[in-house]
Participant: 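Take this structure first; my questions come after.
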Amino acid sequence: MNFISTRGGDTLSFGEAVIQGLAGDGGLFVPERLPPLAQHLPGWRGLPYAALAQEFLSLFATDIPSGELAGCVQRAYATFPTPTSPAPLIPLDTDKVPLYVMELFHGPTLAFKDFALQLLGQFYGRHIRISGQPVHILGATSGDTGSAAIYGVLGQPDVHSFILYPEGRIAPLQERQITTTGSPLVHPLAIHGSFDDAQAIVKEIFGDTDFVHTHALTAVNSINIARILAQCIYYLDAALKLGASETEPLEFVVPTGNFGNVLAGWMLSRMGVPGLRFCVVTNANDVVARFFQTGEYHPGKVSTSLAPSMDIQQASNFERWLWWHLEGDSIRVAALMAKLRSEGSFSLGSPEKLCGGILRTASCDDAGIERSIQHVHEETGYLADPHTACAFASVRQDVRSVVVATAHPAKFPEAIMKTTGLRPTHPILEHLKNLPVKKQILPANSQAVRQAITGVLASIKEQRRG
Ligand SMILES: *Cc1c(COP(=O)(O)O)cnc(C)c1O
């Protein structure tokens, strides 16, 4: 299977697209076609998670021998407490149509990003083993991605992680997840500035190809195609377990920021998995929801909310959806993205056509999030984190639904305390509170960050020689 850019350039294998991350023309990698899955579904029913993942991924990662792919998948999901079922479906007690919660927060950092980044770490490890080339990761985080990326590569020998975050502006527990690993390979860089400053520095450094090559840096962000494919698997697992069909459809209600999580589910529909519906839920940053309601894509200014991992206006994976929606017309995709850059928005057809009968949208502001946490707890006894609460607020009463739970409530104890009086805890997070913090505080400029990276990697080389 070849992977191509949404803007028409580059044709790579799966392994190459994973290591390269972003296409050379600024587009995102997509598989050149989506394999039809209907014929496989009967045989896949009942498979343990890793076996299902192996079957699914082998349709795309055709350049990885099946034994190696199986090893990557096994090791990735072995880090979850219940590896045969890492995405448990919890039925809630309601007197209405069946409602389930798909809990995606049982990985090492207690957020859904572990599903993708544990696997991505394995692919990096494999690349290093077979190519003999080093890989180091550089990224900026406003919270969950940084820690999930760090834990994704923690077991890989010699992979250094440089993670920038805004000093004093991420949740205390999120900072602890980044700064207390105790690993000599993890280098948290706290920037005196905002998340946007941190991200701008990372972008600037990736624009310097010499520096990037010399230091073998790769980007961790939500655009890697391996992340999207890894996310397809839990939707597939749920659809098989709950028996989704056109007569008995299943609506996944998905908290959305970069459009990565819900895109993965939507792709399964394109691959012929029957009966899947999706509700795309945003917080007050509702650019994606407005697009599917009006046909106009018009990102604004980011506002902060109780669900910080959804505080996004430029939904990077949206470009992939656009490419499929436009039937692979990369010239049009490139033109629309150019228009977005120059004019700040674009319009595209009627909302009905955009939704294709399988998508709907909703959004939820902070007051709605608080009401939702409280209401869900009162009605069902379930504790939802603020991201998951956005989804709960948007469940329809007339269709079998699965709320996609993206973070453990203990990651956001303040919002839960305020609304329910309870303080959720998790042993992983409690343990972090006693560990020593390691971080480097830097001014918000790329020179300081470059020096930090060069310093670390030069001293490693020195030690090897010595
Ligand atoms: C990243 C994240 C989201 C948003 O996922 P996207 O793929 O960006 O749409 C939602 N909830 C949590 C807890 C997250 O960490």
Participant: What's the verdict on salt bridge (Lys or Arg N to Asp or Glu O under 4.0 Å) for Arg277 and Glu246, showing C-alpha distance, side-chain angles and the deciding distance?
Facilitator: CA-CA 10 Å; Arg277 307 284 183 270; Glu246 286 308 320; 2.9 Å; yes

Participant: Is a side-chain donor or acceptor of Glu175 paired with a backbone partner of Ile170 at a separation under 3.5 angstrom?
Facilitator: no

Participant: Is the shortest side-chain heavy-atom distance between Thr218 and His136 below 4.5 Å?
Facilitator: no

Participant: When you compare the side chain of Leu47 with that of Glu55, does any pair of heavy atoms fall below 4.5 Å?
Facilitator: yes

Participant: Might you point out which heavy atoms bring Leu41 and Pro274 nearest each other, and give the distance in Å?
Facilitator: CD1-CD, 3.8 Å

Participant: Could you go step by step and tell me if Arg360 and Val280 meet the side chain to side chain contact (heavy atoms under 4.5 Å, CB included) rule?
Facilitator: CA-CA 6 Å; Arg360 70 179 179 98; Val280 179; over 6 Å; no

Participant: Could you tell me whether Glu327 and Arg270 make a salt bridge, using a distance below 4.0 angstrom between a side-chain N and a carboxylate O?
Facilitator: yes

Participant: Is the shortest heavy-atom distance from the side chain of Val402 to the side chain of Leu89 under 4.5 Å?
Facilitator: yes

Participant: Donor-acceptor pair, Glu296 side chain versus His298 backbone, under 3.5 Å?
Facilitator: no

Participant: Asp311 and Asn283: side-chain donor and acceptor closer than 3.5 Å?
Facilitator: yes

Participant: Distance check, rounded to the nearest 0.5 Å: Leu326 atom CG versus Trp323 atom CH2?
Facilitator: 10.5 Å

Participant: Quick check for you: to the nearest 0.5 Å, what is the distance between Thr388 atom OG1 and Ile373 atom CD1?
Facilitator: 9.0 Å

Participant: Between Tyr151 and Gln118, do the side chains contain a donor N or O and an acceptor N or O under 3.5 Å apart?
Facilitator: no

Participant: Which atom names give the shortest non-hydrogen contact between Asn224 and Val18, and what distance separates them?
Facilitator: ND2-O, 2.9 Å

Participant: What's the separation between atom OG in Ser363 and atom CE in Met310, rounded to the nearest 0.5 Å?
Facilitator: 9.5 Å

Participant: Check whether any side-chain heavy atom of Val101 sits under 4.5 Å from a side-chain heavy atom of Leu92, and report yes or no.
Facilitator: yes

Participant: Heavy atoms only: give me the nearest Val202-Gly139 pair and the separation to one decimal.
Facilitator: CG2-C, 3.9 Å

Participant: To the closest 0.5 Å, what do you measure between CG (Asp365) and SG (Cys390)?
Facilitator: 9.0 Å

Participant: Can you name the closest pair of heavy atoms from Ala384 and Pro409 and give their distance?
Facilitator: C-CB, 4.4 Å

Participant: Does the ring center of Phe14 lie less than 6.0 Å from the ring center of Phe3?
Facilitator: yes

Participant: What closest approach, in Å, do Ala410 and Pro424 show between heavy atoms, and which atom pair accounts for it?
Facilitator: CB-O, 3.6 Å

Participant: Within the 3.5 Å criterion, strictly below it, is a donor on Thr109 or Gln177 matched to an acceptor on the partner's side chain?
Facilitator: no

Participant: Ile137 versus Leu217: any side-chain heavy-atom pair under 4.5 Å?
Facilitator: no

Participant: Quick one: does any side-chain atom of Arg227 pair with a main-chain N or O of Leu119 as donor and acceptor, under 3.5 Å?
Facilitator: no

Participant: Verify the distance criterion only: is there a donor paired with an acceptor across the side chains of Asn317 and Arg320 at less than 3.5 Å?
Facilitator: yes

Participant: Does a donor on one side chain and an acceptor on the other come within less than 3.5 Å for Gln293 and Thr361?
Facilitator: yes

Participant: So that I know where these two stand, are His387 and Phe412 an aromatic pair - ring centroids less than 6.0 Å apart?
Facilitator: yes

Participant: Run the numbers on Glu319 and Thr6 for side chain to side chain donor-acceptor pair (under 3.5 Å), then give the verdict.
Facilitator: CA-CA 7 Å; Glu319 182 169 341; Thr6 47; 2.8 Å; yes

Participant: Looking just at side-chain N and O atoms, do Tyr77 and Asp114 make a donor-acceptor pair shorter than 3.5 Å?
Facilitator: no

Participant: State which residue, out of Tyr297, Trp266, Trp321, fulfils the ring pair (Phe, Tyr, Trp, His ring centres under 6.0 Å) condition with Phe292.
Facilitator: Trp321

Participant: Between Phe206 and Leu138, is the side chain to side chain contact (heavy atoms under 4.5 Å, CB included) condition met? List the steps.
Facilitator: CA-CA 9 Å; Phe206 275 106; Leu138 170 63; 3.7 Å; yes

Participant: Check for me whether the distance between the ring centres of Phe105 and Phe112 falls short of 6.0 Å.
Facilitator: no

Participant: Does a side-chain heavy-atom distance below 4.5 Å link Val404 with Phe278?
Facilitator: no

Participant: Counting only N and O atoms by type, is there a donor-acceptor contact under 3.5 Å from the side chain of His408 to the main-chain atoms of His106?
Facilitator: no

Participant: For a side chain to side chain contact (heavy atoms under 4.5 Å, CB included) check, start with the C-alpha distance between Met267 and Leu229, then their side-chain angles and the critical distance, and finish with the verdict.
Facilitator: CA-CA 9 Å; Met267 282 165 62; Leu229 293 175; 4.0 Å; yes

Participant: Do Tyr382 and Asp93 have a side chain donor and acceptor closer than 3.5 Å?
Facilitator: no

Participant: Using only heavy-atom distances, determine whether the side chains of Thr282 and Asn285 contain a donor-acceptor pair under 3.5 Å.
Facilitator: no

Participant: Keeping Glu103 on the side-chain end and Ala87 on the backbone end, is there a donor-acceptor pair under 3.5 Å?
Facilitator: no

Participant: Is there a donor-acceptor contact under 3.5 Å from the side chain of Gln231 to the main chain of Gly260?
Facilitator: yes

Participant: Could you walk me through whether Phe195 and Tyr165 satisfy the ring-ring contact (aromatic ring centres under 6.0 Å, His included) test, starting with their C-alpha distance in whole Å, then the side-chain angles of each, then the deciding distance to 0.1 Å, before giving a yes or no?
Facilitator: CA-CA 6 Å; Phe195 169 64; Tyr165 65 91; over 10 Å; no

Participant: Would a distance-only check, ignoring hydrogens and angles, find a side-chain to backbone donor-acceptor pair under 3.5 Å from Asp286 to Ala289?
Facilitator: no

Participant: Of Thr62, Asn2, Asp63, which is the lone residue that meets side-chain hydrogen bond (donor to acceptor under 3.5 Å, both in side chains) with Ser13?
Facilitator: Asp63

Participant: Quick one: CG on Leu69 to CD on Gln74, what's the gap to the nearest 0.5 Å?
Facilitator: 10.5 Å

Participant: Looking only at heavy atoms, which two atoms of Pro166 and Ser194 are closest? And how far apart?
Facilitator: CB-C, 3.7 Å

Participant: More than 12 heavy atoms of other residues, nucleotides or ligands under 6.0 Å from NE2 of His426: is that the case?
Facilitator: yes

Participant: Keeping Lys241 on the side-chain end and Gly46 on the backbone end, is there a donor-acceptor pair under 3.5 Å?
Facilitator: no

Participant: Going through the checks in order, is the side chain to side chain contact (heavy atoms under 4.5 Å, CB included) test met by Tyr49 and Phe80?
Facilitator: CA-CA 11 Å; Tyr49 195 85; Phe80 286 65; over 6 Å; no

Participant: Using side-chain heavy atoms (C-beta onward) and a distance below 4.5 Å, is Leu110 in contact with Leu429?
Facilitator: yes

Participant: Got more than 12 heavy atoms from elsewhere within 6.0 Å of CZ, Arg33?
Facilitator: no

Participant: Say whether, by atom type as modelled, one donor and one acceptor occur between the side chain of Ser147 and the main chain of Asp144 under 3.5 angstrom.
Facilitator: yes

Participant: State plainly whether the residues Lys418 and Glu370 are in salt-bridge range, i.e. N to O under 4.0 Å.
Facilitator: yes

Participant: Looking only at atom types and distance, does a side-chain atom of Asp208 sit under 3.5 Å from a main-chain N or O of Ile205, one as donor and one as acceptor?
Facilitator: no

Participant: Any side-chain donor-acceptor pair under 3.5 Å between Asp10 and Ser5?
Facilitator: no

Participant: Side-chain contact, heavy-atom cut-off 4.5 Å: Gln313 with Lys301?
Facilitator: no

Participant: Say you draw a straight line from CD of Gln174 to OG1 of Thr141; how long is it, rounded to the nearest 0.5 Å?
Facilitator: 7.0 Å

